Amino acid sequence: MIEAKDLNFSYDVDILKNIAFSISESSICTILGPNGSGKSTLLKILDKLLKPKKGTVLIENENLENLSIKNVAKKIAYLAQENEVSFSFSVFDIVLTGRAHNVGMLNQPSKEDIKIAKKAISLVGLQNLINKPFTQLSGGQKRLVLIAQALAQEAKILLFDEPTNHLDFSNQYAILNLIKNLIKKHNLTAIITLHDPNLAAWISDIVIMIKNGSLLKFGPVKSIMNAQNLSELYETKITVINNNGKLFITPLEFI
Amino acid sequence: MKNTILIVLSFVVIVVSLGVGPYKIAPIDVVKCFFNPKASIDSTIVLDIRLPRVLFAYFVGAGLSAAGSAYQAMFKNPLVSPDILGVSGGAAFGAALAILTLNHFYFIEIFAFVFGTIAVYIAFFLAKSKQELPVLNLVISGIIVGSFFTALLGIIKYLADPNNQLPQIVFWLMGSFANVSFSAWGAFIIIGICVVFLYLLRWQLNIAAFGDDEAKSLGVNIINLRKIIILLSTLTTAASVAVVGIIGWVGLIIPHISRLISGSDNRNVMPTSIFVGGIFMVIIDDLARSLISGEIPVGILTSLLGAPFFAWLYKKQKRL
């Protein structure tokens, strides 16, 4: 469903080198890698926010290059790491912008668009805060609003850049659990960048490991999330404890 | 509902304002002038002298406020006004240049409009990079262009004849609706069309207030959107300034007041800004021609009211 072929990207130095993978429908894929390894860059390329220097991305066998901005938004929703919201827009105002690809420049959102936005808000459980200003929400609630905005796009593919950023311990699980349920229930595909391999092991079907811009490993959680690969990825000794099929990952050096 | 009230209020304010001035006319007699085709002193004053003035004040107030609302959304900053890209600086230079060289009101308007637009084009050109149009670059290039044209204006003032031309330049810079007639139909049309389009764009302004990547991933061509907003706001502001001179603060404070009334959704802020801006400008112009026996330059009044209001808002920082 999503296929990356020989992706290369560089500013002055090479950021991504020969990245290739393919992810099938209704699966959750996590991108793991140390800081600066090129995870966010890769996500941006997949949403056509950055143009690869070389290589192609195929979305349902269509070349991403040939899709208009509007058509990309119909197929792919993207949640940035940080969102700047400068005015006190309400939760509803923000989620409704998810319908932008369906609204002409001089037109206003239709009743149908409003209905879809409201449904997206209730899918993340924020219906009681629908008129509350975004700026007054907690970090976790803000994240939920942006997930609802992405759901309102009705795209089949969702890209999340560090959705657990700035969230407390239990909220990290709560958000990812919600994402997991939504993806499975609505037959969507998600690509997520994460820093915590524990969360990655718990939520993903597939993992992409990127180190210094190159693909280190790509495959199902069970076959590649092992001590050897993770130690190589993060350049520190890591142990993986398997507790009845659940993986617990921790660096050895510091404990 | 709010908009209906504001539309009704607009009509009331316009009708009452047509009677305001050294020669006072009761609102009921103002209305009669519209239905009585016979020429009288009242109808000459109302229809020929005050109607274009009051209507243009409404258009300018509405236009500057619409442009201000659009810019505040686009620059993601509630402290931005329509002259951020140097349009007023350019227009002031153009008007002064026309006063110095050709000195005919027609050329003053044309020069002010053209140089106002050129100033913004230069700022736009400086800010633009290959595939991007970052708002921070626009702010910086706007400051550069604005101060460059202010320097040029300084040269013109220095060269101007101090007995005749210099006072004319100074008065032009203070802004006034006193000489507006329907001969300014071009400005009426430009402002009218731009305000309609800014009104239609109102929902897109919510998206313009997001970051570049967010807007793009939502399916909006943010660069084109910015270009259109700049074009419409520049034409509106340049057309206003060309006819009536520099009028500050309106495009900054009216969007604030509108957000206090309507919340942050630009679908509501834009119509509120247009109506409140129009009403505000008409009332300010009423004060300008009735407070003292002569005319007070309207730019002085807007600053006199705008600055303290802004100070209050700045202290309060509530729902900016």
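Here the structure is a predicted model, which is why all the values come from computation and not from measurement.
Atom CG of A:Leu96 is separated from atom CG of B:Asn206 by 8.0 Å, given to the nearest 0.5 angstrom. Taken from CG in B:Asp213 to CG in A:Leu79, the straight-line distance is 12.0 Å, to the nearest 0.5 Å. To the nearest 0.5 Å, atoms CD1 (B:Ile207) and CG (A:Asp93) are separated by 11.0 Å. Atom CZ of A:Arg99 and atom CH2 of B:Trp203 lie 8.5 Å apart (nearest 0.5 Å). With rounding to the nearest 0.5 Å, the separation of CE in A:Met105 from CG in B:Asn224 is 6.0 Å. Considering NZ of A:Lys70 and NZ of B:Lys216, their distance stands at 15.0 Å, rounded to 0.5 Å.
Put simply, the side chain of A:Gln153 never gets that close to the backbone of B:Gly219: no donor and acceptor are under 3.5 Å apart.
By the 6.0 Å contact criterion, NZ on A:Lys119 is open, its count of non-hydrogen atoms from other residues, nucleotides or ligands being 12 or less. At most 12 heavy atoms of other shown residues, nucleotides or ligands fall within 6.0 angstrom of atom NZ in A:Lys118. The environment of CZ in B:Phe309 is crowded: more than 12 heavy-atom neighbours from other residues, nucleotides or ligands sit within 6.0 Å. Atom NZ of A:Lys184 is surrounded by more than 12 heavy atoms from other residues, nucleotides or ligands within 6.0 Å. Surrounding CZ of A:Phe92 are more than 12 heavy atoms belonging to other residues, nucleotides or ligands, all under 6.0 Å away. For A:Asn61, the CG atom is loosely surrounded, since the number of other residues' heavy atoms within 6.0 Å does not exceed 12. Heavy-atom neighbours of A:Lys5 NZ from other residues, nucleotides or ligands within 6.0 Å: at or below the threshold of 12.
Between chain A and the options B:Arg267, B:Arg202, B:Gln72, heavy-atom pairs under 4.5 Å are most frequent for B:Arg202. Heavy-atom pairs under 4.5 Å with chain B peak, among A:Thr97, A:Leu159, A:Thr135, A:Val103, at A:Thr97. Each of B:Phe197, B:Tyr199, B:Phe210 has some count of heavy-atom pairs under 4.5 Å with chain A, and the biggest count is that of B:Phe210.
A:Leu146 does not touch chain B: none of its heavy atoms, backbone or side chain, sits under 4.5 Å away. Of the two parts of A:Lys48, neither the backbone nor the side chain holds a non-hydrogen atom closer than 4.5 Å to a non-hydrogen atom of chain B. For B:Ile228, the part sitting under 4.5 Å from any heavy atom of chain A is the side chain, from C-beta outward, and nothing else. For A:Val72, no part lies under 4.5 angstrom from a heavy atom of chain B.
B:Leu218 and A:Gln149 make their closest contact through CD1-NE2, 3.7 Å (heavy atoms, listed as atom of the first residue, atom of the second, distance). What you find for A:Phe87 and B:Ala73 is that their closest heavy atoms are CE1-CA, 3.9 Å.
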